[in-house]
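As the structure is a computational prediction, the values presented were derived from the model and not from experiment.
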2 protein chains.
Amino acid sequence: MTAQPVPAGRNAGAATVLTTHIIDALGQDITDGVLAEGARLTIEGLQQRFGVSRTVVRDCMRVLESMHLIVPKRRLGLVVQAPASWNVYDARVIRWRLNGPGRAGQFRSLTHLRRAVEPVAAALAAEHASSDQRLRLLDLGRDLRRLGENGDLEEFLAVDIEFHTLILESSGNEMFLALQGVIAEVLSGRTHQGLMPHHPKEHALRTHEQVAEAISSGHPTAAETGMASLLAEVRSAIE
Amino acid sequence: MTAQPVPAGRNAGAATVLTTHIIDALGQDITDGVLAEGARLTIEGLQQRFGVSRTVVRDCMRVLESMHLIVPKRRLGLVVQAPASWNVYDARVIRWRLNGPGRAGQFRSLTHLRRAVEPVAAALAAEHASSDQRLRLLDLGRDLRRLGENGDLEEFLAVDIEFHTLILESSGNEMFLALQGVIAEVLSGRTHQGLMPHHPKEHALRTHEQVAEAISSGHPTAAETGMASLLAEVRSAIE
DNA sequence: CTCGCCCAAAGGTGTTACCTTTGCTGTGCA
DNA sequence: TGCACAGCAAAGGTAACACCTTTGGGCGAG
């Protein structure tokens, strides 16, 4: 991307579109590796490049700094950090990586994360879910079967996302729930890139139902192993 | 806490201690619930409270905003957000929660996260670890037994942290490795709060060795189940 | 009496100019 | 040769200001 010196857009009324644009542009460049570890930026330079004032640049730098993408150093400027120090759970970092050359790697990492988290979430859900949640889960399991057999991929995706989200929510663990967004992202990515069979496999449909059943009837171990076997299929697809 | 209007400390030379202090104070207040969802702050008010200029306050607000602890609203000020939107993987948020009344809950969440991630990390490590890493892991397993039998808790802790860190690192998944810090935190928290037996149990020592053995000899499944059983003990201790 | 328009106040956003602090670099003097 | 100090570059911090949006109240028309 590397925006050319924009003709000083001024504040055209757009609320905070200025900073968003700059943060996105630089974040994308860094996560793409266009700006590699050790690369140096200066506030002055960025002012030029984006045609904004120093304050705006500093605001943006604070955000990037808080994701550990850059570190300000006196006399050196803003030094780009190694990927190892990035805040890789920040939604924006994940989005940037999914947009760039790191896409495949990010997908793989997220899939492993799903494989780790979702079975445990299912087990916890079996212990902590409310009765509303349990009922809803059974409903969703049935809906999935219906939609899966009809071959309606988009609808199936929407319900699948709700299914997995509800389990994370029912786990009662806020750190699991916080992954909802990226898991939804992974699921959509999978169907929209044709990594899904045209009809979800019978095994997957049955397992969804079994997981819903295990959670709603309060069997943590069955829920955990069911979810694990659901994810095992996914895993074999990406490796 | 709630710092009284400091007598305008001015820039006493300290590098970026200004913003850090403000961010910490507010972040702690929000995560503690002292500032609850919907509470409103104003830049003006914060300027008064901390005796700093507007720019500094705004810098801080950007950081807090990027963690989704607050959202700026025209005419309303800075509105404190519900815990559900917080960036709960941000190291600072975790630290604040561990410092405040949310401590127990944060510990529980992190322990579940460990239970989810570490077995999968161990399995991946069995596939991807370098030969150096495999050897080192065997060493650490042996060291743990020696230190455990001697009852040297501090030394044991240090090596235990290195053991778990090395596995996360060997998994090759940067999202797993990113959890290294908080996992170390949980481990130290456990020993320093007397949640550990004076001598680590024989079973734990043996399991550490088995995990090291499984990873180093490239047996993902054994590594995964071994790590899971290691964490099962921990789990029973907190529930 | 009610509805709608207009204006003022409040407050966040963005700009500019200026000063301070820090650390590197190079040059001159001992 | 080596050390010290001057100079400079770049981030950190402050202050004053102009602008836009939101909101709410007042005032006039119907």
Who pairs with [X] by salt bridge (Lys or Arg N to Asp or Glu O under 4.0 Å), at least two apart in sequence or on another chain?
{"X": "Arg136(A)", "answer": "Glu162(A)"}
{"X": "Asp32(A)", "answer": "none"}
{"X": "Arg62(A)", "answer": "Glu65(A), Asp59(B)"}
{"X": "Arg40(B)", "answer": "none"}

Rounding to an integer number of Å, can you tell me how far [X] [atom1] sits from [N] [atom2]?
{"X": "His21(B)", "N": "dG12(D)", "atom1": "NE2", "atom2": "C1'", "answer": "18 Å"}
{"X": "Ile23(A)", "N": "dT13(C)", "atom1": "CD1", "atom2": "P", "answer": "12 Å"}
{"X": "Arg58(A)", "N": "dC18(C)", "atom1": "CZ", "atom2": "C1'", "answer": "13 Å"}
{"X": "Met61(B)", "N": "dG14(C)", "atom1": "CE", "atom2": "P", "answer": "16 Å"}
{"X": "Leu46(A)", "N": "dG14(C)", "atom1": "CG", "atom2": "P", "answer": "16 Å"}
{"X": "Asp59(B)", "N": "dG12(C)", "atom1": "CG", "atom2": "P", "answer": "15 Å"}
{"X": "Ile22(B)", "N": "dG12(D)", "atom1": "CD1", "atom2": "P", "answer": "14 Å"}

Apply side chain to side chain contact (heavy atoms under 4.5 Å, CB included) to Ile43(B) and list each qualifying residue two or more places apart in sequence or on a separate chain.
-> Gln47(B), Arg54(B), Val57(B), Arg58(B), Leu78(B)
For residues 162-182 of chain A, which residue pairs qualify under ring-ring contact (aromatic ring centres under 6.0 Å, His included), counting only residues two or more places apart or in two chains?
-> Phe163(A)-His208(A), His164(A)-His208(A)
Scan for ring-ring contact (aromatic ring centres under 6.0 Å, His included) pairs involving residues 55-100 of chain B, sequence neighbours excluded, and state none if there are none.
-> Tyr89(A)-Tyr89(B)
Worked check of side-chain contact (heavy atoms from CB on, under 4.5 Å) between Leu69(A) and Leu26(A) = CA-CA 9 Å; Leu69(A) 261 53; Leu26(A) 290 176; over 6 Å; no
For nucleotides 8-11 of chain D, list the nitrogen or oxygen atoms of the protein found under 3.5 Å from its nitrogen or oxygen atoms, one pair per line.
residue : atom : partner  : partner atom : Å
dC8(D)  : O2   : Arg75(A) : NH1          : 3.3
dA9(D)  : O4'  : Arg75(A) : NH1          : 2.5
dA9(D)  : N3   : Arg75(A) : NH1          : 3.2
dA11(D) : OP1  : Ile43(A) : N            : 3.4

Thr55(B) has its side chain closest, among dG12(D), dT13(C), dA15(D), to dA15(D)
Please lay out, stage by stage, how Met61(A) and Ile70(A) fare under the test side-chain contact (heavy atoms from CB on, under 4.5 Å).
-> CA-CA 8 Å; Met61(A) 291 310 100; Ile70(A) 60 170; 3.5 Å; yes
Global bending angle along the helix from dC1(C)-dG30(D) to dA30(C)-dT1(D), which compares the axes of five pairs at either end, to 10 degrees | 10°
